[in-house]
Amino acid sequence: NNLQGSIPSSIGQLTELIQLRAHQNQLSGGIPSAFGNIQTLEHLSLSANQFDGTIPSTLGSLANLKYLHLAGNQLSGTLPSELGGLTALEYLYLHSNIISGSIPAELGNLINLKELLLQDNILSGPIPATLGELDNLTSLLLYKNEINGPLPEAIGGLESLLTLDLSSNQLTGSIPATIGGLTNLQYIHLGGNQLTGSIPSSMGNLSALEYLYLHSNNIAGSIPSQIGGLANLNELFLQGNDLTGSIPSSLGNLNDLIQLFLNEN
């Protein structure tokens with residue numbers, strides 16, 4: 001629709017409300033903290049509007065909430081640690097805002113979470129190791145932020161993960177060998193960071209992988225021959241690193257490969 005104006009705080013009086021879908025309007029103002037009074041709420045979608053201000057910490061009390069979509073607004077401030085109380089949550093979409101600060105370690109409490117989308121903000125600080133406890137997570141998108149520090153080894157515990165995109169950040173250190181534990185992974189993008197070290201041979205365990213993007217880092221050493229065992233690989237981008245040695249003959253086994261970039265930039 002073309003709804004304008006703000007959401008009144010009296011929304012908190014709808015104490016039997018289960019779903020509110022108001023996305024793709026022109027609503028503005030702050031998100032009322034009174035939403036925290038609606039304990040029956042399972043689905044809240046306010047994306048693609050013009051909301052500003054901070055994310056109310058009171059949302060963390062919505063014990064039945066399964067779906068929270070606030071992306072595509074002008075929300076600022078930090079991520080409330082209280083969101084870690086949403087233990088029923090399955091989908092958390094906060095991307096395409098101007099949220100700053102670090103990712104709260106408390107998000108590791110969201111044991112039912114399937115998708116965590118925080119990309120296209122100005123988040124900083126390290127990736128909390130507690131995210132490695134999200135056993136049901138299938139998508140982790142943190143790209144286009146200012147996240148720094150190393151990739152935590154605990155990330156290898158995300159055995160259900162299908163998509164991992166941490167590109168265009170300021171990540172440092174080496175890619176942990178534990179990443180080879182993500183055996184269901186189909187897409188991994190670590191490009192545009194400051195990663196060093198070598199490509200771990202354990203990446204050869206990612207048998208479901210279709211897209212591998214490690215370009216525009218400071219990765220050194222040789223290309224592991226184990227990469228040639230990734231039979232489903234469609235695209236392999238390794239350009240813009242400090243790789244040395246020869247091209248493994250095993251890459252000739254990648255019959256589904258469409259793009260292979262090994263150039264300077």
Are the side chains of [X] and [Y] in touch, meaning some heavy atoms are under 4.5 Å apart?
{"X": "I127", "Y": "I147", "result": "yes"}
{"X": "T130", "Y": "L107", "result": "no"}
{"X": "L251", "Y": "I227", "result": "yes"}
{"X": "T244", "Y": "D242", "result": "no"}
{"X": "L110", "Y": "L83", "result": "no"}
{"X": "T178", "Y": "E153", "result": "yes"}
{"X": "R21", "Y": "H43", "result": "yes"}
{"X": "Q239", "Y": "N263", "result": "yes"}

Can L117 and L142 be said to form a side-chain contact (heavy atoms from CB on, under 4.5 Å), step by step? CA-CA 6 Å; L117 277 57; L142 305 179; over 6 Å; no
Distance, nearest 0.5 Å, that separates [atom1] of [X] from [atom2] of [Y]:
{"X": "N1", "Y": "L27", "atom1": "CG", "atom2": "CG", "value": "9.5 Å"}
{"X": "L137", "Y": "S139", "atom1": "CG", "atom2": "OG", "value": "7.0 Å"}
{"X": "Y211", "Y": "H189", "atom1": "OH", "atom2": "NE2", "value": "12.5 Å"}
{"X": "L46", "Y": "L20", "atom1": "CG", "atom2": "CG", "value": "6.0 Å"}
{"X": "S96", "Y": "L118", "atom1": "OG", "atom2": "CG", "value": "11.0 Å"}
{"X": "F261", "Y": "H215", "atom1": "CZ", "atom2": "NE2", "value": "9.5 Å"}

Would you kindly confirm whether [X] and [Y] end up in one hydrophobic cluster when ILVMFWY residues are joined by side chain heavy atoms under 4.5 Å apart?
{"X": "F237", "Y": "I223", "value": "no"}
{"X": "L206", "Y": "L257", "value": "yes"}
{"X": "L151", "Y": "Y187", "value": "no"}
{"X": "L75", "Y": "L44", "value": "yes"}
{"X": "I11", "Y": "L41", "value": "yes"}

Backbone N/O of [Y] and side chain of [X]: donor-acceptor pair under 3.5 Å:
{"X": "N169", "Y": "N145", "value": "yes"}
{"X": "N73", "Y": "Q50", "value": "yes"}
{"X": "T40", "Y": "T15", "value": "yes"}
{"X": "N25", "Y": "H23", "value": "yes"}
{"X": "N184", "Y": "E159", "value": "yes"}
{"X": "N234", "Y": "D256", "value": "yes"}
{"X": "S33", "Y": "T58", "value": "no"}
{"X": "E106", "Y": "I103", "value": "no"}
{"X": "S216", "Y": "G240", "value": "no"}
{"X": "N136", "Y": "I111", "value": "yes"}

Q170-E146 side chain donor-acceptor pair, cut-off 3.5 Å: no
Can you confirm whether the side chains of Y93 and E115 place a donor and an acceptor under 3.5 Å from each other? yes
Heavy-atom pair of closest approach, residues [X] and [Y]:
{"X": "M203", "Y": "L230", "result": "O-CD2, 3.5 Å"}
{"X": "L212", "Y": "L209", "result": "CB-CD2, 3.8 Å"}
{"X": "A105", "Y": "P128", "result": "CA-CB, 4.0 Å"}
{"X": "I155", "Y": "L182", "result": "O-CD2, 3.3 Å"}
{"X": "P32", "Y": "P56", "result": "O-CG, 4.0 Å"}
{"X": "L243", "Y": "A220", "result": "CD2-O, 3.7 Å"}

When you look at CD1 of I247, are more than 12 heavy atoms from neighbouring residues, nucleotides or ligands closer to it than 6.0 Å? no
More than 12 foreign heavy atoms under 6.0 Å from CD of Q26: is that the case here? yes
Test side-chain contact (heavy atoms from CB on, under 4.5 Å) applied to T54 and T78, step by step: CA-CA 7 Å; T54 59; T78 59; over 6 Å; no
Hey, which of N97, I31, I99 is the one that makes side-chain contact (heavy atoms from CB on, under 4.5 Å) with I55? I99
side-chain contact (heavy atoms from CB on, under 4.5 Å) partner of L166, chosen from I188, L195, L171: L171
Closer than 4.0 angstrom, basic N to acidic O: yes or no for K114 and E90? yes
Is there a side-chain contact (heavy atoms from CB on, under 4.5 Å) between Q39 and E16? Walk through the geometry before answering. CA-CA 8 Å; Q39 293 298 305; E16 299 297 323; over 6 Å; no
Working note: I175 + I219, criterion side-chain contact (heavy atoms from CB on, under 4.5 Å); need CA distance, chi angles, decisive distance, verdict. CA-CA 9 Å; I175 301 170; I219 300 170; 4.1 Å; yes
